[in-house]
Amino acid sequence: MKPDTPIQYVKGVGPKLAERFARLGIATVGDLLCHYPRRYIDYSQPSPIAEASSGTDVVIKAEVCAKKGAVRLPGGRTMVQATAADDTGTLTLTWFNTHFMADKLLLGEEYYFEGRAKGALSRREMANPIVRTRAEVERKPFVAVYPQTEGLASGQIARCVENALAAADPLPEPLPPDYLPRFRMPDKWTAVKNIHHPSSPQALAAARRRLVFEELFTLQIGLSLLKSRGAVKSGAPMKPTGLTPFWDSLPFSPTGAQRRAAAEICADMAAKRPMNRLLQGDVGSGKTLVAAAGVYMAAKNGYQSALMAPTEILAAQHAATLQTFLEPFGLRVALLTGGMKAAQKRTTLAAIAAHEADLVVGTHAVISSGVEFAKLGFAVVDEQHRFGVRQRGLLADKSIAPHVLVMSATPIPRTLGLLMYGDLDISILDELPPGRLPVKTYAVTGKKRRDMYHFLDDQIDKGHQVYIVCPRVEESDTEAPGAADLQAVTSYLTDVAQALLPHRRIGLMHGKLKPKEKAAVMDAFKQGELDVLVSTTVIEVGVDVPNATVMVIENAERYGLSALHQLRGRVGRGGGEAYCILISDHTGEAVRDRLRFLCHTQDGFEIAKYDLETRGPGDFFGDRQHGLPTLQLADLMGDTRTLEAAQKCAHELLEEDPKLSAPEHSLLAAQVSHLFERTTFN
Ligand code: ADP
Ligand code: MG
């Protein structure tokens, strides 16, 4: 069988199972062979009975010393028991409703038993253990456990994989042949056989290392191909500019971290290579000011700057904030958004082309093809995870090669950062402006909603303002996107918020509003003309209203912790006491744990790590837009060294064959597109 033979021709699969495999994205023999185990049961190192602690999954090697016949239990169940012993103790084995395993057992023979150990030291027991003979274990010391899906158990997958391995042609080698000796890696076919049926821990480790390398290498090539890296030589060479006048013009002094990051940016922009830097700092750490310092330096050198924000609200806010920072130096800020009137847009575009604007702030509109800069030298992308890889590439295309600064509040583990940005340099704002108190965070159920509204009323009495983030209802197929959102948020406004706070001024914000309407609502809230803002997550990132002290999040279970942390960062900016209330009626233990974790942690990095460990990288960014395909083996918190090697190789290879068009790279090229097939870059 060839790698591209449809999976239903594998012995034991057939059309029905094939359909279930399709749900896992497995269509061919090759796909099946590249569906790797999640973990293994290691029979090569059995545990002595005395050391098998109660409640853990173990493998025990012991001699059968007694067998009892089947007993019928009240309620109709049957029970078969046996006793086995090793030098350290005895173990009672019990099977319910099956005697298939027990029938295998011969008195006086040694077997391997796998299952969960229970009971006190003097009375170890195991229910429904799997039994394997010495010969079976010698042939296959590790038993693979596969990620399963509805209707496909791990054992079923294992049998199909076994049949496929027996019948398939060896998988061809996609990596350049010199990599194997260079990194002392097994070839693909050997690695694939060993990942399913490792003969030893060493063979497994080698197979895994090789396949992780391949996965990361393929991913990196794909990402590099997507990115247009632009010229290697800087298109905007700048002279170093002292920032003292800029810092001196501010109403507060910059934090040490802000000074450091700004100095790094200035040094980059004075270098020969275009800057490619990530500015990472928790919510409220003051990233905007650092960007402004960069704009200042670019302008001093006669260059324009661009800043791209994920939403119109944020773009408008940034434009206003940056204007106050830059105005003292006579710099002109232009706001460019999708919702502008045609005539107004024409005027703005003309100003940008005539270098009458020093900084252009906008949403995606900034990178649309109609925008021509007179002299773009510095481009900033705020809250990058909202933008896909492709958009950043487009921005870099705007002129020959502007300096690019990506700003993010979501701390990105080094591995993931390397993956997404390749050779990106990182500046970290690890210091908050002085006077910030931690936001008091509570997780409550809907039963407490009424009490909570009393508390909100109290806060409003004290002159503060409140955000309420509303359920984001899953869109049904029949409705236009966003329609359900709109309904959920409007009915919440009338049925809950207005009903419980009848005398307060409550505003409504959601994605369906026209840009002008959004701006008006936001302005009213900023000016204190509204007490409460009921909103969908359009306010998620970056909005700055210092007088807001409470953030309420309904259906908190729907968001990743990093997203919740971002929302929480909207309050507590005024220096006083601030609160975040997470409402969820979800009873799942994992969900409650997650919300409790957030109540006790303010550190964005810890939160991101927890998210990544418990929910995987997809959820880590709150939505799918991070644009990375799903990885099977590579561990995003680890595997850093392999990743670095893979990146170096990807770099070298693309230098030699930038489009992967050489015939010897065709297999690799196909693999790259296969990996990215299910990923949309937006
Ligand atoms: P973020 O990093 O989340 O984007 P912002 O740039 O929006 O943070 O800054 C948050 C708030 O802190 C803003 O109101 C900003 O004016 C203020 N700020 C920034 N730097 C300082 C500083 N050094 N001292 C006092 N306030 C600051
Ligand atoms: Mg911000």
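Numbering starts at 1 and runs along the sequence shown. Just follow the structure's listing: the first ligand is 1, and inside any ligand the first atom is 1.
Proximity of R436 to ligand 1, defined as any heavy-atom pair under 4.0 Å, is confined to the side chain (atoms from C-beta onward). Only the side chain of Q258 comes within 4.0 Å of ligand 1, judged by heavy-atom distances. At a 4.0 Å heavy-atom cut-off, ligand 1 touches S285 through backbone and side chain alike.
Taking the six-membered ring for Trp, Y467 and F525 have ring centres closer than 6.0 Å.
No N or O atom of P434 sits closer than 3.5 Å to an N or O atom of ligand 1.
Between the side chains of S427 and E264, at least one donor-acceptor pair of N or O atoms lies under 3.5 Å. Defined by atom type and a distance below 3.5 Å, a donor-acceptor pair is present between the side-chain atoms of Q459 and T549. A side-chain donor-acceptor contact under 3.5 Å links H565 and D282.
Listed by number with element, the atoms of ligand 1 under 4.0 angstrom from any heavy atom of G284 are 1 (P), 2 (O), 3 (O), 8 (O). Close contacts of ligand 1 with V283, meaning ligand atoms under 4.0 Å from a residue heavy atom, involve 3 (O). Under a 4.0 Å criterion applied to the non-hydrogen atoms of S253, ligand 1 contributes the atoms 22 (C), 23 (N), 24 (N). Within ligand 1, counting atoms from 1 as listed, the ones closer than 4.0 Å to a heavy atom of G286 are 1 (P), 2 (O), 5 (P), 6 (O), 8 (O), 9 (O), 19 (C). Of all atoms in ligand 1, listed by their number and element, those nearer than 4.0 Å to a heavy atom of P433 are 20 (N), 21 (C), 22 (C), 24 (N), 25 (C), 26 (N), 27 (C). Distances below 4.0 Å separate heavy atoms of P254 from the following atoms of ligand 1: 23 (N).
Cation-pi check for K375 over Y303 is met; the charged atom lies under 6.0 angstrom from the ring centroid and within 45 degrees of its normal.
The shortest side-chain heavy-atom distance between I428 and R260 does not fall under the 4.5 Å cut-off.
The structure places CE of M407 at 6.5 Å from CG of L405, a figure rounded to the nearest 0.5 Å. Atom CZ of R568 sits about 13.5 Å away from atom NZ of K440, to the nearest 0.5 Å.
Around atom 5 (P) of ligand 1, the closest heavy atom drawn from D282, T288, T255 belongs to T288.
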